[in-house]
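This report concerns only the one structure given below.
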2 protein chains.
Amino acid sequence: MSVGIRHDDLRRRNRAMVIAAVRRAGQPSRTEIAATTSLSHSTISAISSDLIVEGILTESKPSEAGSLKRGRPQVGLSLNPEAAAVMTVVLSLNFLSVAVIDYAGQVISEEQRRLDTLTMSRDSLIGECTAIVRRRLEDPDLDVRSIARIALAVQGITDTRARSMLWSPITPHTDIAFADIFEEEFGIPAIMENDCNMMAVALRWRDPDRYRDDFIAILLSHGIGMGLVLKGELFTGTHSSGGEFGHMIHRPNGALCRCGRRGCVEAYAGNYAIWRNARQMGEDAEPVADVSDADMRALAAAARERDGPEREAYRKAGEVLGYGLGSLFALIDPAPVAMVGVSAAAFDLIEPALRQAIAQTAGGQHSKSISFDTEPNELPLIREGCAMRALIFVDQEIFAPGVQARSGFGGKNVA
Amino acid sequence: MSVGIRHDDLRRRNRAMVIAAVRRAGQPSRTEIAATTSLSHSTISAISSDLIVEGILTESKPSEAGSLKRGRPQVGLSLNPEAAAVMTVVLSLNFLSVAVIDYAGQVISEEQRRLDTLTMSRDSLIGECTAIVRRRLEDPDLDVRSIARIALAVQGITDTRARSMLWSPITPHTDIAFADIFEEEFGIPAIMENDCNMMAVALRWRDPDRYRDDFIAILLSHGIGMGLVLKGELFTGTHSSGGEFGHMIHRPNGALCRCGRRGCVEAYAGNYAIWRNARQMGEDAEPVADVSDADMRALAAAARERDGPEREAYRKAGEVLGYGLGSLFALIDPAPVAMVGVSAAAFDLIEPALRQAIAQTAGGQHSKSISFDTEPNELPLIREGCAMRALIFVDQEIFAPGVQARSGFGGKNVA
DNA sequence: CAGTATTTTTTCGAGGCTCGAAAAAATAGG
DNA sequence: CCTATTTTTTCGAGCCTCGAAAAAATACTG
């Protein structure tokens with residue numbers, strides 16, 4: 001139910017807005033902030049001087065040496081890197097990666113580790129995750145007390161409230177309440193997010209010109225995942241992280257999917273499906289547990305070299321992705337697409353069939369105007385997204401407390 | 001870009017909130033409004049006395065005769081029906097319907113008319129629409145000057161800004177800027193919405209317990225349409241009204257659809273498709289222009305009577321709808337569904353195959369928890385949705401002017 | 001090199017809004 | 001008729017933002 005605005009909300013909201021403006025712009029002057037927020041100079045002056053006193057912002061004296069304009073020079077405001085720090089934890093198939101990020105978004109410290117996630121017990125999976133975080137927290141070089149938030153990302157389905165991993169292809173265990181576990185273990189607020197959603201968040205920060213209000217990030221990896229930003233907000237399901245593009249049905253009773261069902265998009269376009277088709281193993285063949293990036297690159301190389309089952313496997317993947325995107329476009333209209341992950345590097349093998357399929361669908365009329373971009377490496381993106389998620393939390397909940405995060409305000413969702 | 005909150009926005013927003021509270025609750029007392037908005041009694045008192053003086057609200061003395069509590073009795077606030085009026089225009093296949101609605105939401109006056117929309121020229125289609133509105137405006141019984149807004153709904157695709165009909169199955173003509181045409185013709189602000197979206201808006205007002213934050217309204221009529229509410233907001237595409245569930249691809253290169261493509265959900269589940277299958281005409285047969293409701297009811301009766309091609313046609317429709325919903329649920333998670341339109345009356349013939357198909361998809365795990373409700377008559381729903389849309393506009397833009405409609409505030413979208 | 005123009009930032013008083021407390025209003029119970 | 005109870009209004013206090021003017025900091029000009 002919508003709730004009234006109290007008088008004291010005003011300042012808090014505008015504080016949050018100033019912080020957000022600085023985070024977006026990097027080193028804006030007070031005048032620039034006044035312009036983008038359409039608040040008066042007096043207000044910006046008052047708020048920013050508060051924030052500087054509190055150690056949240058700092059004045060970065062020489063805004064830019066280049067600008068030799070007449071008049072008093074602008075003084076840039078920037079985030080004080082020491083104001084806080086957050087931690088990111090990215091859990092993917094057989095791989096765990098942790099980083100500590102300062103308030104300005106720079107990586108301070110990191111650690112990565114190979115695991116056998118598919119066969120580990122529930123407890124040792126959780127134990128490995130908490131142990132690697134503990135090692136970072138106890139690193140003598142770091143000021144432990146300043147970790148304000150932990151953001152986890154995992155391949156798989158998480159709940160809307162960002163508390164639990166509900167299901168994941170990387171482990172047979174389900175319903176692991178990572179956020180609660182971490183909060184109990186370390187006393188630090190934690191959230192648990194879907195990896196592809198974090199990719200989308202990161203893309204929006206990396207390239208706001210291309211990825212602004214509406215775009216699609218698709219992970220072409222062992223499985224097929226999607227992060228969706230619509231109207232400037234991260235799209236999630238009614239109960240879970242949603243956006244399970246890879247498990248839309250391409251063909252009822254079709255190829256066997258890793259999820260146990262049949263005919264999912266992933267069962268034609270995931271790495272294991274491309275592998276299965278390239279090896280002509282048949283649609284009923286049990287999906288292999290993992291295909292190395294090197295193997296996939298070799299497959300792509302073979303497909304480029306000669307017209308054989310490898311090339312056909314990529315063509316099929318493209319066709320299915322195209323029909324899937326077509327159905328998606330029927331719902332949300334066309335939007336720019338970022339293809340991420342190892343098979344995005346083989347997008348040249350995928351694109352022709354993909355475009356041909358889209359042309360047969362509701363998205364067809366705009367087929368040519370749909371832009372595709374590729375980014376082979378998903379891990380840095382996921383980490384960046386987690387970092388931004390956690391930092392925005394600090395911005396809003398710690399440095400502008402009391403603002404009820406409400407949709408549409410300061411970018412609750414995507415930030 | 002998010003914009004700061006000015007000091008004078010405060011009052012305007014809280015005014016809008018009080019109006020919204022009254023519209024939702026019917027006859028709330030000041031105390032109840034204070035409770036739901038969490039504003040102080042003093043503020044509510046000040047705002048509501050303003051609104052009463054301005055003739056927007058009225059005090060309805062005897063709140064309820066029943067409540068014989070101790071203490072000063074509550075005095076209910078209600079919308080003043082004479083504060084404004086709006087007009088709704090619903091254009092569907094071969095049918096045009098107009099109504100004038102008072103500020104409290106009651107129909108004051110209406111007119112309906114049969115047309116041959118498929119064969120009419122562009123100009124006569126527009127002409128018929130403006131003529132019927134003009135007749136209502138010039139009705140001597142009505143206070144013409146008080147029409148504050150016209151809301152149109154049409155089967156088909158409209159643009160996100162609610163200005164134009166981009167494409168519609170009811171006419172060969174495209175890109176008709178109805179909103180602009182009406183504004184120019186009558187000098188009254190107008191919007192052009194998608195019919196199924198208005199159904200969803202209406203369902204939310206009719207039954208907020210069942211249809212609150214997340215639900216799906218599906219129109220089973222000559223074509224298949226959908227209105228979707230997610231997280232309390234009406235879902236629309238990036239450029240158009242979106243949600244073209246009927247044109248998701250069920251089977252590449254499948255049955256011929258009215259849209260000219262192949263394999264769309266509609267090409268198996270629309271009235272014309274059920275008709276075509278029941279008559280065993282083959283998937284390539286040109287879709288018939290219209291099937292009367294009586295014919296469809298006869299078809300359903302035949303299907304109930306004996307196991308023949310009619311029953312199989314409904315089964316097929318259910319199967320395809322089920323796989324389509326399954327794909328939709330992969331994206332948004334399961335949610336309550338309202339089946340609307342003449343074929344919703346045959347939902348008993350559709351449901352078994354539909355549920356069986358959903359069970360094969362990502363929605364399957366929650367198959368039993370998905371609730372279906374049916375409503376055979378779409379027209380009243382569409383009109384109600386239009387009326388609410390228009391009235392909310394009056395609430396926000398006319399009676400609480402200056403509030404930049406921003407998402408998440410006071411229900412910009414669904415209201 | 002001093003003075004002027006220009007631009008940014010801060011200061012200060014005015015006006016407006018919400019809040020809490022207290023008063024006023026309106027009814028049931030005894 | 002008086003008291004208890006609940007709703008609604010009144011009133012002063014405290015904030016917040018705004019506009020205007022002042023202050024600050026630099027480039028230009030002769």
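Naming convention: chains lettered A, B, ... in sequence-line order (proteins, then strands); numbering from 1 in each chain.
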Looking only at side-chain atoms of A:R11, point me to the closest of C:dT10, D:dT8, D:dT17. D:dT17
Any N or O donor-acceptor pair under 3.5 Å from the base of D:dT7 to the side chain of B:R72? yes
When you compare the side chain of A:I19 with that of A:L51, does any pair of heavy atoms fall below 4.5 Å? yes
So, does A:N14 get its side chain near the phosphate of D:dT17, meaning an N or O under 4.0 Å from OP1 or OP2? yes
Length of the line joining B:R13:CZ and C:dT18:P, which is rounded to integer Å: 12 Å
Rounded distance (Å) that lies between atom P of C:dT18 and atom CE of B:M17: 11 Å
Sequence neighbours excluded, the answer for side chain to side chain contact (heavy atoms under 4.5 Å, CB included) partners of B:I398 is B:A148, B:F393, B:V394
Near DNA chain C, under 4.0 Å by heavy atom, which residues of residues 39-46 of chain B? B:L39, B:S40, B:S42, B:T43
Tell me: CD1 of B:I47 to C1' of C:dC17, nearest whole Å? 9 Å
From C:dA28, D:dA27, D:dT17, pick the nucleotide closest to the side chain of A:R70? D:dA27
Is the A:H7 ring parallel, tilted or perpendicular to the B:H7 ring (thresholds 30°, 60°)? tilted
Can you tell me how far C1' of C:dT18 sits from CG of A:L10, to the nearest Å? 10 Å
Listed nucleotide nearest any side-chain atom of A:T31, set C:dG29, C:dT27, C:dT8: C:dT8
By the salt bridge (charged side-chain N to carboxylate O under 4.0 Å, His left out) test, which pairs, at least two apart or in different chains, include something from residues 34-46 of chain B? none
Measure CG/A:L77 against P/C:dT9 and give the value in whole Å, please. 8 Å
State which residues pass salt bridge (charged side-chain N to carboxylate O under 4.0 Å, His left out) with A:E384; sequence neighbours excluded, sorted by chain then number. A:R206
Interatomic distance where CD1 belongs to B:I5 and C1' belongs to D:dC18 [whole Å]: 16 Å
Kindly state each residue pair satisfying salt bridge (charged side-chain N to carboxylate O under 4.0 Å, His left out) with at least one member in residues 74-88 of chain A, sequence neighbours excluded. none
Let me know, please, whether B:E59 or B:H7 comes out on the 5' side of the other along DNA chain D by nearest nucleotide. B:E59
Nearest whole Å is fine: how far is C:dT18 P from B:R15 CZ? 11 Å
Atom pair distance, as rounded to whole Å: CZ in B:R12 and C1' in C:dT18: 17 Å
With sequence neighbours excluded, residues passing salt bridge (charged side-chain N to carboxylate O under 4.0 Å, His left out) with A:R383: A:E110
